[in-house]
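Structure record follows, encoded as structure tokens.
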There are 2 protein chains.
Amino acid sequence: MAGATGWTAELISARHSLERSSTAAKVADILRDMVMEGRILPGAKLAEDSIADALQVSRNTLREAFRLLSHERLVVHELNRGVFVRVLTEADVIDIYRMRRALEGAALQFWGASADPGRAPGVSHVRSAVTLGVAAAERGDWDGVGTANMHFHRSIAALADSARIDEIMSQLLAELRLAFHVMPTVRDFYEPYLGDNERIATLVEAGRSQEAVAVLLDYLNRAEDQLLREFASKAGRHSAQADPAST
Amino acid sequence: MAGATGWTAELISARHSLERSSTAAKVADILRDMVMEGRILPGAKLAEDSIADALQVSRNTLREAFRLLSHERLVVHELNRGVFVRVLTEADVIDIYRMRRALEGAALQFWGASADPGRAPGVSHVRSAVTLGVAAAERGDWDGVGTANMHFHRSIAALADSARIDEIMSQLLAELRLAFHVMPTVRDFYEPYLGDNERIATLVEAGRSQEAVAVLLDYLNRAEDQLLREFASKAGRHSAQADPAST
DNA sequence: ATTGCAGGATCGTTCAACAAACCTTAGGCT
DNA sequence: AGCCTAAGGTTTGTTGAACGATCCTGCAAT
């Protein structure tokens, strides 16, 4: 680009590529991607032998990768039975949204109030996530809207400026993606909330954090309800033929 | 139907007693206790060979135990260098207290408001933690006061009634115990806060959650400051001659 | 329809081995 | 002396094989 400074910046951004990582971490990366993309569905068993064979790693290393993923709650480990892709229950969804209310709400209320321009960088990230989502919606890219929505909520939590909160937040959103597999189409899920995000961003920029919290909590309530409704309807569909009384 | 369901319910409550655990988990338990009691100090290296030899387990299972502990942030794993007992930095303390403000504050504000007796159980736990602390203080058991204080804050977070929040909270308090090793005596740390806990409990019982949040946040500020001061004085003692600018 | 009992499959754990990365130490150079 | 380099020993990362323990499946028996 410009010159010498462009060099170093480029190098820094490429630094992660030479951050060595154990093969267990790489294996975990591969499996995580497949789970998140829905190529391995919740409830599926991850057999040690077949996966170790397919990836050409030893069972011991694969087991270390499993530990990493179970720590992220993407898989569950049952003693002597193996590991399975996590199946979210209604209780999980309720719990996750309860935590989101706590983290995002607190971030907005305690740290979103600083209206002075000195702490604007965090707020500007919120705004850019909103515009990103609007742009994606305008070109009909509902997958992009979903990604932007995640950015939005992560930027809300990031107002607290805490590495731990950021990490937990990413983990919660990753978990939720397991639940999104029950959604028939992502559009129905994300479309209603574009306006909410915009309103929250505006309120934060105006320093009216109390009102922003109110909108956020209302948003979380509706999103949670929608997910739970989808869960209930799916459960109904499944137990219909599992009912043994009709033989 | 009434009789049969009573049976199974009782069985479910006793189910945990036959929950077997892997040897890796047992090894992690042993090491966790030693770290928490200060028998292994922060910064110490946990060599695989010697520990595996002492505990009579294979290196592989020991490494699985290490994963568990590093997930709890009690040890850190450096690639090709080994695992070390976590050394908390000032930045860590700041971050942990930021998270505590978010979780405990949100729990108190969003879920502590329910003054109806129907949701009293959670509030009663807060109260009993307070009386436990007072009793310990009266008999001079300052270790007991510390334990009661942890119970108190865990019961505050438990108002949210979320398994995830409970887990994170326990983890944060466990991490903080690593920092407490810098405190000369625990009494100086806990004594000033007995009154705060009592006041918070009373406010919660009265349904005045907004005021309770204020007291709690003030408490967290002071506790954080005290810890950071202790950190600074210790660092000063260590690097006194490393700073050539001041005379 | 439930119970009891093989047989096979999978997991938990150990062991021994080797390559790779790290740390220490001894020389060699200016 | 002080600094760089190279050799050697030590510890970690990963593998492959092995064996007991546990779980699952199918079939026979009541």
Side-chain angles (χ1 to χ4, degrees), chain A residues 15-32 35 40-41 43-71 74-87 242-247, chain B residues 1 3-4 7-8 11 15-32 35 40-41 43-71 74-87:
Chain A
R15 185 168 53 189
H16 74 94
S17 64
L18 66 136
E19 247 169 27
R20 297 157 308 150
S21 64
S22 66
T23 56
K26 291 184 216 161
V27 171
D29 287 343
I30 295 174
L31 293 176
R32 186 185 308 106
V35 169
I40 313 180
L41 289 179
K45 171 166 186 176
L46 301 180
E48 294 188 352
D49 258 326
S50 56
I51 295 180
D53 205 52
L55 291 180
Q56 293 280 62
V57 297
S58 88
R59 271 179 63 216
N60 278 318
T61 333
L62 179 60
R63 285 164 69 79
E64 292 214 356
F66 283 163
R67 297 269 175 200
L68 294 177
L69 294 175
S70 83
H71 151 213
L74 291 184
V75 304
V76 291
H77 182 172
E78 298 181 24
L79 193 58
N80 283 321
R81 287 187 20 90
V83 311
F84 304 81
V85 178
R86 182 86 178 282
V87 177
D243 188 52
S246 60
T247 34
Chain B
M1 171 181 171
W7 272 60
T8 56
L11 287 179
R15 185 168 51 187
H16 73 94
S17 64
L18 65 137
E19 249 169 23
R20 298 150 306 153
S21 67
S22 68
T23 57
K26 291 183 215 161
V27 170
D29 287 343
I30 294 175
L31 294 176
R32 188 185 306 107
V35 170
I40 313 179
L41 290 179
K45 171 166 184 176
L46 301 180
E48 293 187 353
D49 256 326
S50 57
I51 294 180
D53 204 52
L55 290 180
Q56 294 281 60
V57 298
S58 88
R59 272 179 63 215
N60 276 320
T61 44
L62 178 59
R63 284 163 68 80
E64 292 214 356
F66 282 163
R67 296 268 176 201
L68 294 177
L69 294 175
S70 83
H71 149 218
L74 291 184
V75 304
V76 291
H77 183 174
E78 299 181 23
L79 192 58
N80 283 322
R81 288 187 20 88
V83 312
F84 304 81
V85 178
R86 182 85 178 284
V87 177

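Order of the sequence lines fixes the chain letters, A, B, ..., with proteins taken first and strands second; residue numbering starts at 1 for each chain.
- At least one side-chain nitrogen or oxygen of B:Thr61 sits closer than 4.0 Å to the OP1 or OP2 atom of C:dT14.
- The phosphate of C:dT13 (OP1 or OP2) has a side-chain N or O of B:Thr23 nearer than 4.0 angstrom.
- Distance from the side chain of A:Glu48 is smallest for C:dG12 among the nucleotides C:dG12, D:dG13, C:dC15.
- Applying the side chain to side chain donor-acceptor pair (under 3.5 Å) test to B:Thr23 and every residue at least two apart in sequence or in another chain returns nothing.
- At whole-Å resolution of the value, CG in B:Leu46 and P in D:dT10 are 21 Å apart.
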Considering only nitrogen or oxygen atoms on both sides, find all protein atoms under 3.5 Å from nucleotides 17-19 of chain D and state each distance.
residue	atom	partner	partner atom	Å
D:dA18	N6	A:Arg59	NH1	3.3

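- Contacts with DNA chain C (heavy atom under 4.0 Å) in residues 49-57 of chain A: none are found.
- Residues A:Phe66 and A:Ile51 come closest through the heavy atom pair CZ-CD1, 4.3 Å.
- If you measure from atom CD of B:Glu64 to atom C1' of D:dT12, you get 16 Å, rounded to the nearest angstrom.
- Between B:Asn80 atom CG and C:dA21 atom P the separation is 7 Å, expressed in whole Å.
- When the P atom of D:dG13 is taken as reference, atom CG of B:Leu79 falls 6 Å away, rounded to whole Å.
- Here the closest heavy-atom approach between residue B:Glu48 and residue B:Leu62 is recorded as O-CD2, 3.4 Å.
- Rounded to an integer number of Å, the gap from A:Leu62 CG to D:dG13 C1' is 15 Å.
- Considering every non-hydrogen atom in both A:Ala28 and A:Leu69, the closest pair reads O-CD2, 3.7 Å.
- Atom CD in A:Glu78 sits about 15 Å away from atom C1' in C:dG12, given to the nearest Å.
- Here the closest non-hydrogen pair linking B:Ala24 and B:Thr61 is CB-O, 3.9 Å.
- For B:Arg81, the listed nucleotide lying nearest its side chain is C:dC23; candidates were C:dC23, D:dT22, D:dT12.
- We find that CZ of B:Arg63 is positioned 15 Å from C1' of C:dC15, with the value rounded to whole Å.
- Of the candidate nucleotides D:dT12, C:dT14, C:dC11, D:dT12 has the atom nearest to the side chain of B:Lys45.
- Residues satisfying the side chain to side chain donor-acceptor pair (under 3.5 Å) test with B:Arg86, not counting sequence neighbours, are B:Asp92, B:Glu175.
- A salt bridge links B:Asp29 with B:Arg32: the distance from a Lys NZ or Arg NE/NH1/NH2 to an Asp or Glu carboxylate oxygen falls below 4.0 Å.
- Under the rule for a side chain to side chain donor-acceptor pair (under 3.5 Å), the partners of A:Glu78 that lie at least two apart in sequence or sit in another chain are A:Arg81.
- For B:Asp53, the side chain to side chain donor-acceptor pair (under 3.5 Å) criterion is met by no residue, not counting sequence neighbours.
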